[in-house]
Asks: 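Here's a structure for you.
The first residue in the sequence is number 1, and the count goes up from there. These numbers were taken from a predicted model, which means no experiment stands behind them.
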Amino acid sequence: MFGSVLSYPDIGEEFCRKILKILLHVEMYRVHIVPQKVYYGSDTDKHGTRLDVFIEEDGGAGTIYDVEPDKNDDSELKHALPRRVRFYHSKIDGRSLKSGDDYSKLKQVIVLMIMPYDPFGKNRILYTIRSKCEEEPDMDYDDGAATCFFYTKGKIGELSEEARQLLCYMEDSCEGNAKSGLLKDIHRMVETVRQDEEVSLNLKSR
């Protein structure tokens, strides 16, 4: 359903802006959305990947967001989750720098994993992962890459009440979980897409 709403004409862009505003406190006016963006391997025997929702900011910093709702808590896949995200970052980076461009032009990439299971067993609602220097952990080292793991049932951590409500809504998108004004707007958009018979048929066939 999440991907269907983001790709829905006249709704997806506004839905995306509201989601990112609540979760990351970013204001965007224009975004480019590609649901189910596919990155093929560099050769036939190399691994490719499919990103659930690829979002690129138009103008400004040109940040790329990859939003991945993930319900699969299979122990083997869960163990490989950090390497899976590393692969996502590498694929996005490899296609976001034009030939001849300086490395300073490499865009900032933020991967958002949203899941109903705890990926690291610490009961945190948000795990933010960035590169750092082990010998000097307080040293500034900004390579433009970040990953945010949102655990919808997490209890520990500082996150706005509206963001907590949004994560609850994403797990169970009923009217009762749409408590704030922004969430009520989001719920109206979700209901519009749900009432589309073609979308409903596609979701049932998966």
Asks: If you compare all heavy atoms of G144 against all heavy atoms of D142, which two are closest, and at what distance to 0.1 Å?
Replies: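 Heavy-atom minimum between the residues: N-OD1, 2.9 Å.
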Asks: I'd like to know whether L112 forms a side-chain contact (heavy atoms from CB on, under 4.5 Å) with L24, so could you lay out the CA-CA distance, the side-chain angles of the two residues, the decisive distance to 0.1 Å, and finally the verdict.
Replies: CA-CA 10 Å; L112 287 77; L24 299 180; 4.1 Å; yes
Asks: Would you call F15 and V190 a side-chain contact if the rule is heavy atoms closer than 4.5 Å?
Replies: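 Result yes, sub-4.5 Å side-chain heavy-atom pair found.
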Asks: Under a 4.0 Å threshold between the charged nitrogen and the carboxylate oxygen, would R194 count as salt-bridged to E191?
Replies: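 So E191 pairs with R194 through a salt bridge.
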Asks: With the threshold set at 4.0 Å, does a side-chain nitrogen-carboxylate oxygen contact exist between D70 and R84?
Replies: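 Looking at R84 together with D70, the answer is yes, because their closest N to O distance falls below 4.0 Å.
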Asks: Any ring pair (Phe, Tyr, Trp, His ring centres under 6.0 Å) involving residues 178-197? Give me the pairs, sequence neighbours left out, ordered by first then second residue.
Replies: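 Non-adjacent pairs meeting ring pair (Phe, Tyr, Trp, His ring centres under 6.0 Å): Y169-H187.
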Asks: Just so I know, are the side chains of M113 and I129 near enough to count as touching, which here means a heavy-atom distance under 4.5 Å?
Replies: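 When only atoms from C-beta onward are counted, I129 and M113 do not touch, as no gap falls below 4.5 Å.
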Asks: Are K132 and M139 close enough, and set up right, to give a side-chain contact (heavy atoms from CB on, under 4.5 Å), and what steps lead you there?
Replies: CA-CA 7 Å; K132 68 174 185 178; M139 184 184 79; over 6 Å; no
Asks: Kindly work out whether a path of hydrophobic side-chain contacts (I/L/V/M/F/W/Y, heavy atoms less than 4.5 Å apart) joins M170 to Y151.
Replies: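 Different hydrophobic clusters.
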Asks: When clusters are formed by joining ILVMFWY residues with side-chain heavy atoms under 4.5 Å apart, either directly or through shared neighbours, do F120 and Y117 land in the same one?
Replies: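 In one cluster with F120: Y117, yes.
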Asks: Closest heavy-atom contact between D66 and E68?
Replies: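 Taking every non-hydrogen atom into account, OD1-OE2, 2.6 Å.
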Asks: Flag the pair L126 / F149 as yes when at least one side-chain heavy-atom distance between them is below 4.5 Å, and no otherwise.
Replies: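 In short, these two side chains do not touch, never coming nearer than 4.5 Å.
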Asks: Check this for me: R17, atom CZ, are more than 12 non-hydrogen atoms of other residues, nucleotides or ligands nearer than 6.0 Å?
Replies: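 More than 12 within 6.0 Å, yes.
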Asks: Just how far is it from atom CD of E14 to atom CE of M189, taken to the nearest 0.5 Å?
Replies: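 If we round to the nearest 0.5 Å, E14:CD and M189:CE are 4.5 Å apart.
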Asks: How far does CD1 of I186 sit from CD of Q165, to the nearest 0.5 angstrom?
Replies: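 Separation between the atoms: 11.0 Å.
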Asks: Would you compute the distance between atom CG of L23 and atom OG of S160 and round it to the nearest 0.5 angstrom?
Replies: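 Between L23 CG and S160 OG, I get 8.0 Å after rounding to 0.5 Å.
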Asks: Does the side-chain contact (heavy atoms from CB on, under 4.5 Å) test come out yes or no for D93 and V109, once each step is laid out?
Replies: CA-CA 8 Å; D93 285 343; V109 176; 3.6 Å; yes
Asks: Who are the side chain to side chain donor-acceptor pair (under 3.5 Å) partners of E135, not counting sequence neighbours?
Replies: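 Once residues adjacent in sequence are excluded, E135 has no partner under the side chain to side chain donor-acceptor pair (under 3.5 Å) criterion.
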Asks: Would a distance-only check, ignoring hydrogens and angles, find a side-chain to backbone donor-acceptor pair under 3.5 Å from N177 to D172?
Replies: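 Flag set: sc N177 to bb D172 pair under 3.5 Å.
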Asks: Report yes if the side chains of I110 and T147 come closer than 4.5 Å at any heavy-atom pair, otherwise no.
Replies: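 They are not in side-chain contact.
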Asks: Between E171 and K153, does at least one N-O distance fall below 4.0 Å, as a salt bridge requires?
Replies: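 Answer for the salt bridge query: yes.
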Asks: Is it true that a side-chain atom of D74 and a backbone atom of L77 form a donor plus acceptor pair closer than 3.5 Å?
Replies: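 Judged by distance alone, yes, a pair lies under 3.5 Å.
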Asks: Check K71 against P116 and note the closest heavy-atom contact, atom names and distance.
Replies: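 The answer is CA-CD, 4.0 Å.
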Asks: Apply side-chain contact (heavy atoms from CB on, under 4.5 Å) to the pair S180 and L183, showing each step before the final yes or no.
Replies: CA-CA 5 Å; S180 73; L183 287 175; 3.4 Å; yes
Asks: Are L159 and I156 in one and the same hydrophobic cluster, where Ile, Leu, Val, Met, Phe, Trp and Tyr link if side-chain heavy atoms are under 4.5 Å apart?
Replies: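 No; I156 is not reachable from L159 via cluster members.
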Asks: Answer yes or no: are there more than 12 heavy-atom neighbours, outside K78 itself, under 6.0 Å from its atom NZ?
Replies: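 Yes, because the 6.0 Å sphere around NZ of K78 holds more than 12 heavy atoms from other groups.
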Asks: Could you state the interatomic distance from OG (S131) to NE2 (H89), rounded to the nearest 0.5 Å?
Replies: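 That separation rounds to 8.5 Å.
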Asks: Does Q108 reach the side chain of I64, with side-chain heavy atoms less than 4.5 Å apart?
Replies: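 The answer is no; the side chains never approach within 4.5 Å.
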Asks: When rounded to the nearest 0.5 angstrom, what is the spacing between CD in E162 and CG in L167?
Replies: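 If I round to the nearest 0.5 Å, the distance is 11.0 Å.
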Asks: So, taking the atom named CD1 in I114 and the one named CG in L166, what distance separates them when rounded to the nearest 0.5 Å?
Replies: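 I114 atom CD1 to L166 atom CG measures 7.0 Å (nearest 0.5 Å).
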Asks: Could you tell me if Y127 and D118 have a donor-acceptor pair between their side chains, going purely by distance under 3.5 Å?
Replies: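 Result is yes, a qualifying pair exists.
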Asks: How about CZ on R164, more than 12 heavy atoms from neighbouring residues, nucleotides or ligands closer than 6.0 Å, or not?
Replies: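 Enclosed.
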Asks: Counting heavy atoms not belonging to K21, are there more than 12 under 6.0 Å from its NZ?
Replies: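 Check fails, neighbour count at 12 or below.
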